[in-house]
Every structure is written in structure tokens, then in C-alpha cells.
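Before any comments, here is the structure.
For the numbers below, each heavy atom of this structure counts, side chains included, while hydrogens, waters and symmetry mates do not. Note that this is a predicted model, so its numbers are computed, not measured. We name chains A, B, ... by the order of the sequence lines, and we start the count at 1 in each one.
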Protein chains: 2
Amino acid sequence: MLVAALALIDRKGVAGFSVRDLARDLGVYPTALYWHVPGRNALIAGAVALALGDLKPARRPTDWAAGVRALFRRYRKAVRVHPAIAPVLGAQLVSNESMPAELVEHMLMLLERAGFSGDQLRHAYNTLVAGMVGFVTLELAPLPDEDPEGWATAHRQRMQEVDARQCPTLAREMPHLARGAFVVRASSGVDQPLDQSFEFWTETVIQGLAAMRERSAP
Amino acid sequence: MLVAALALIDRKGVAGFSVRDLARDLGVYPTALYWHVPGRNALIAGAVALALGDLKPARRPTDWAAGVRALFRRYRKAVRVHPAIAPVLGAQLVSNESMPAELVEHMLMLLERAGFSGDQLRHAYNTLVAGMVGFVTLELAPLPDEDPEGWATAHRQRMQEVDARQCPTLAREMPHLARGAFVVRASSGVDQPLDQSFEFWTETVIQGLAAMRERSAP
DNA sequence: ACCTGAACACCGTTCAAGT
DNA sequence: ACCTGAACACCGTTCAAGT
């Protein structure tokens with residue numbers, strides 16, 4: 001059932017996902033689903049958990065930085081298979097089944113190995129969660145559901161017309177940025193992956209955490 | 001109209017926001033709104049843009065790090081006034097009116113001052129956007145819309161029962177983490193702000209960017 | 001235990017008609 | 001130019017009834 005739900009979300013997006021459509025796919029009356037599941041939200045939550053699957057690593061990482069790098073990559077890879085779930089990742093379900101205790105444990109273990117403890121560990125952990133989820137949510141955010149090509153061409157047009165006096169840097173860097181910069185781009189990360197930016201992001205978080213640890217324990 | 005829409009979203013959340021309710025608030029037939037606005041999505045987008053308002057700074061920052069710090073704080077402050085918009089910030093609308101060209105220009109300017117150029121500038125810019133949006137989206141993510149207290153107590157219970165053998169670090173650090181750690185916490189950032197973690201996050205991004213610049217231009 | 005089937009209280013959006 | 005009013009094609013969820 002969750003498999004079918006995830007497949008439907010993949011096709012129609014979370015917003016377009018409906019209990020009645022799912023029931024039709026399963027060859028069942030819509031109300032039959034309510035015997036198995038409390039409601040629509042639970043179906044979405046279950047589908048998300050299914051999509052993320054097991055994010056725990058196959059084997060122990062060599063050091064904490066490598067562990068973070070691997071974790072971020074696994075997370076992004078998993079979401080890329082079902083990009084339609086991106087809109088709800090940071091929104092509603094971070095506090096749910098999508099992040100099982102074992103994953104939390106793994107992140108805490110990495111950060112403890114990095115040298116954090118006490119309240120600093122908590123802050124570093126929050127940083128790590130936000131780091132893992134944040135970039136990917138933005139990268140894979142979908143275009144407006146209706147008339148996406150229309151929106152895309154309109155957006156490209158709008159970006160072409162940026163006032164070079166008011167926004168000189170933006171106007172000058174437009175060729176670079178159009179290739180894949182948030183807000184400026186006219187396509188989602190599904191069609192135009194931001195691989196290099198993602199790697200840059202990952203290293204930024206790792207370097208930042210290393211610097212913060214130095215600072216708190218000199 | 002957008003003011004009324006934002007007020008309604010504040011009260012009912014984005015998911016609970018309906019065109020018909022808004023029309024009722026305005027003392028008008030639902031279909032009347034369609035003369036002014038293309039549809040529900042446009043109303044939400046407009047309300048978000050209104051909520052974020054002008055994120056440009058009052059005066060030029062002293063240095064790029066101070067500029068980033070101030071920008072992140074302004075963004076968080078703005079969202080905290082209308083936390084109900086958090087779920088859609090990273091999801092659909094980052095590529096919209098919510099981030100006007102002047103804001104993009106400002107971020108590029110800061111990063112250029114930091115010493116980035118070319119493709120590195122683009123990656124640093126994507127990092128800055130994800131950094132600005134990512135943490136706050138997670139921090140202010142709402143509880144499940146129905147029976148939030150029920151969910152909260154159930155979640156607290158669940159966290160209390162974490163297996164200390166399978167998750168030793170999590171079990172040991174639970175007292176710290178319950179005070180405000182993603183996934184572990186049972187309340188949203190609206191009721192339980194993660195001020196210190198946010199500051200930690202901000203500094204992590206700044207330190208990380210500084211380190212990345214060193215690396216690319218040694 | 002699991003599903004049907006009817007029913008309830010909603011939706012967003014269209015389009016012709018009014019003023 | 002701006003709104004009414006009816007209508008269309010949907011929703012999620014309930015609850016009694018079936019098997």
C-alpha cells in the first residue's frame with residue numbers, strides 16, 4: 001500500500017496525491033484504506049519513510065568528516081530517486097518516522113568523534129540535520145505544478161531583464177548563475193543537478209564544524 | 001487581500017488555507033477573487049512575499065561575515081512573525097517573488113567581498129541561500145495539524161523508550177537533546193526557539209565559507 | 001478482520017450573467 | 001471593471017452495513 005502511495009506521489013506530486021486515486025490504483029473503495037491507516041497524512045509519512053529507506057551506512061567510516069560526507073551523499077541519492085517528496089522533507093516530517101533513532105544515533109556518534117559534547121553537541125547535531133536536509137530540499141524543489149514550461153520561459157525572460165544598474169553583480173554573473181543557482185535557475189534540480197554546489201555545500205558544513213570545534217575547545 | 005490571506009494562513013496554516021474561507025473573511029463570493037488573482041497558489045505566494053517583506057539591510061555591513069550574520073538573523077526574525085509559512089519556504093517558492101533580485105544581488109555582493117568569483121561564487125551563493133532557508137524551515141516546522149498535544153506526548157514517550165544498547169549516545173544525551181534538538185524535540189521552534197543552535201549554525205556557515213575560500217585561493 | 005456503499009461537509013475553478 | 005450565482009468535478013473522512 002505504501003509502495004503504491006509512493007508511486008502515486010512520484011507521478012502526481014504530494015499536492016496532487018489523493019486517497020481516492022490511491023484507492024483506484026489498488027482496486028478498492030477509498031474508505032477501505034481507513035481500516036489500515038489513520039488518514040492521508042499517515043500515507044504520505046509512510047511513503048516518505050519508505051523512500052528514504054535505511055540511511056545508515058554499510059560500514060563504519062574512517063573518520064567523522066568522511067562519515068558526514070557519506071551521509072549527506074546517501075541522503076541526497078535517496079531523495080533523488082523520489083524527488084517528489086522533497087517539499088515535505090523539511091516541512092512536516094523531520095520529526096517523524098523518516099528519521100529513525102538509529103540515524104540520530106549515527107549522527108551523534110560522528111559528532112562525538114569530532115570532539116563535541118554537551119550543549120555544543122546538540123548545536124552541532126542540529127547543524128548537521130539542517131545541513132543534510134536543507135540543500136537537498138531546495139535543490140529538488142519542484143516547479144509550479146501547472147504550466148511549468150510557461151513559468152520557466154517567463155522566469156528566464158524576467159532574469160534576462162534584470163536592471164544592470166540596480167543589480168550589477170547579478171547581471172554580470174548571469175551566464176554563470178543561469179547554469180544552476182537558486183532563484184535564478186528556471187529548472188529544478190531533478191533535470192539540472194547541482195552536483196558541484198552540493199559538494200561545495202557539504203565541505204562548507206564540514207569545514208565549519210571543524211572550525212567551531214577548534215573555537216570551543218582551543 | 002494578501003494581508004487577509006496572510007492572516008488566514010497565520011491562523012489555519014498553509015494546508016488549512018482555503019480560497020472560500022478567505023472570501024468569507026473579505027465578505028465576498030469566492031469566485032470574485034479570481035478576477036484579481038490567478039488562483040490559490042498565487043495567493044499563497046503573495047502572502048509569503050508579503051510576510052518576508054524587505055530583507056535588504058538598512059545600511060552597508062562592515063564586513064562580509066557581519067553581513068551574512070545580519071541577513072540570517074533578519075530572515076529568521078521575519079519568518080518567526082509568520083511561522084505558518086515555514087512549510088512552503090524551501091518547498092516551492094524559493095524561485096519566486098519571495099526572493100527579489102535585490103536580495104540576490106546583496107548576497108552576491110557579500111560573497112564577492114568575501115573573495116569568491118566565477119563558479120566558486122555560484123557555489124558559495126547556493127550555499128548561502130540554503131543556509132539562510134534551511135535551518136529556519138526545520139526549526140519552525142509545525143507539529144501534525146490534528147491532535148498536536150496527543151502527538152507530542154506520544155513522541156516524548158517514544159523518545160523515553162529509546163533502546164540504550166542500540167542507541168547509547170542518544171539515550172545518554174537525551175536530557176540535553178530534549179531541550180531542543182531536531183527529531184528528538186516534541187515541540188516546534190515557535191514555542192521553543194533554538195536561538196543558540198541558530199547562532200551556532202550561522203557561525204558554522206560563515207566559518208565554512210571562510211575555509212572554502214582559503215582552499216580555492218591559497 | 002476487512003471491505004462496501006452511502007453520505008457529509010467540504011474543496012478550487014469555470015463561466016455566463018449581472019451591474 | 002468588478003462581482004454574483006450557479007455549476008462542475010473533485011476532495012478527506014464518518015459510519016453503518018455487509019461478508
> Can Arg80(B) and Leu140(B) be said to form a side chain to side chain contact (heavy atoms under 4.5 Å, CB included), step by step?
Replying inline: CA-CA 8 Å; Arg80(B) 285 193 70 83; Leu140(B) 300 178; 3.7 Å; yes
> Does the pair Phe135(A) and Phe182(A) meet the rule for a side chain to side chain contact (heavy atoms under 4.5 Å, CB included), with working shown?
Replying inline: CA-CA 10 Å; Phe135(A) 189 97; Phe182(A) 294 144; 4.0 Å; yes
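Each of dC2(C), dT4(D), dT4(C) was ranked by its minimum atom distance to the side chain of His36(A); first place goes to dC2(C).
Rounded to an integer number of Å, the gap from Leu26(A) CG to dC3(C) C1' is 13 Å. Between Arg24(B) atom CZ and dC3(D) atom P the separation is 18 Å, expressed in whole Å. Atom CH2 in Trp35(B) sits about 17 Å away from atom P in dC15(C), given to the nearest Å.
Ion pairing of Asp195(A) with Arg76(A) is present here, as a side-chain N (NZ or NE/NH1/NH2) and a carboxylate O approach within less than 4.0 Å. Comment: Glu199(B) does not engage Arg69(B) in a salt bridge, judged by the lack of any side-chain N to carboxylate O separation of less than 4.0 angstrom. Salt bridge annotation for Asp21(B)-Arg11(B): absent, with no cationic side-chain nitrogen under 4.0 angstrom from a carboxylate oxygen. Classification of Lys56(B) and Asp54(B) as a salt-bridged pair fails, no side-chain N sitting under 4.0 Å from a carboxylate O.
At least one side-chain nitrogen or oxygen of Tyr29(A) sits closer than 4.0 Å to the OP1 or OP2 atom of dG5(C).
Aromatic ring pairs are classed by plane angle as parallel below 30°, tilted from 30° to 60° and perpendicular above 60°; the pair Phe200(B) and Phe116(A) is perpendicular.
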Atom pairs under 3.5 Å, N or O on each side, protein against nucleotides 12-14 of chain D: can you list them with distances?
{"from": "dG12(D)", "atom 1": "OP1", "to": "Val19(A)", "atom 2": "N", "distance (Å)": "2.9"}
{"from": "dG12(D)", "atom 1": "OP2", "to": "Val19(A)", "atom 2": "N", "distance (Å)": "3.2"}
{"from": "dG12(D)", "atom 1": "OP2", "to": "Arg20(A)", "atom 2": "N", "distance (Å)": "3.4"}
{"from": "dG12(D)", "atom 1": "N7", "to": "Arg20(A)", "atom 2": "NH1", "distance (Å)": "2.5"}
{"from": "dG12(D)", "atom 1": "O6", "to": "Arg20(A)", "atom 2": "NH1", "distance (Å)": "3.0"}
{"from": "dT13(D)", "atom 1": "OP2", "to": "Tyr34(A)", "atom 2": "OH", "distance (Å)": "2.5"}
{"from": "dT13(D)", "atom 1": "OP2", "to": "Arg40(A)", "atom 2": "N", "distance (Å)": "2.8"}
{"from": "dT13(D)", "atom 1": "O5'", "to": "Tyr34(A)", "atom 2": "OH", "distance (Å)": "3.2"}

>> Could you write out DNA chain C as dot-bracket? Rules: Watson-Crick or G-U wobble, both distances under 3.5 Å, brackets [ ] for crossings, | for pairs with another strand, dot for unpaired.
In response: ||.|||||...|||||.||
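Around atom CZ of Arg172(B), more than 12 heavy atoms belonging to other residues, nucleotides or ligands sit under 6.0 Å away.
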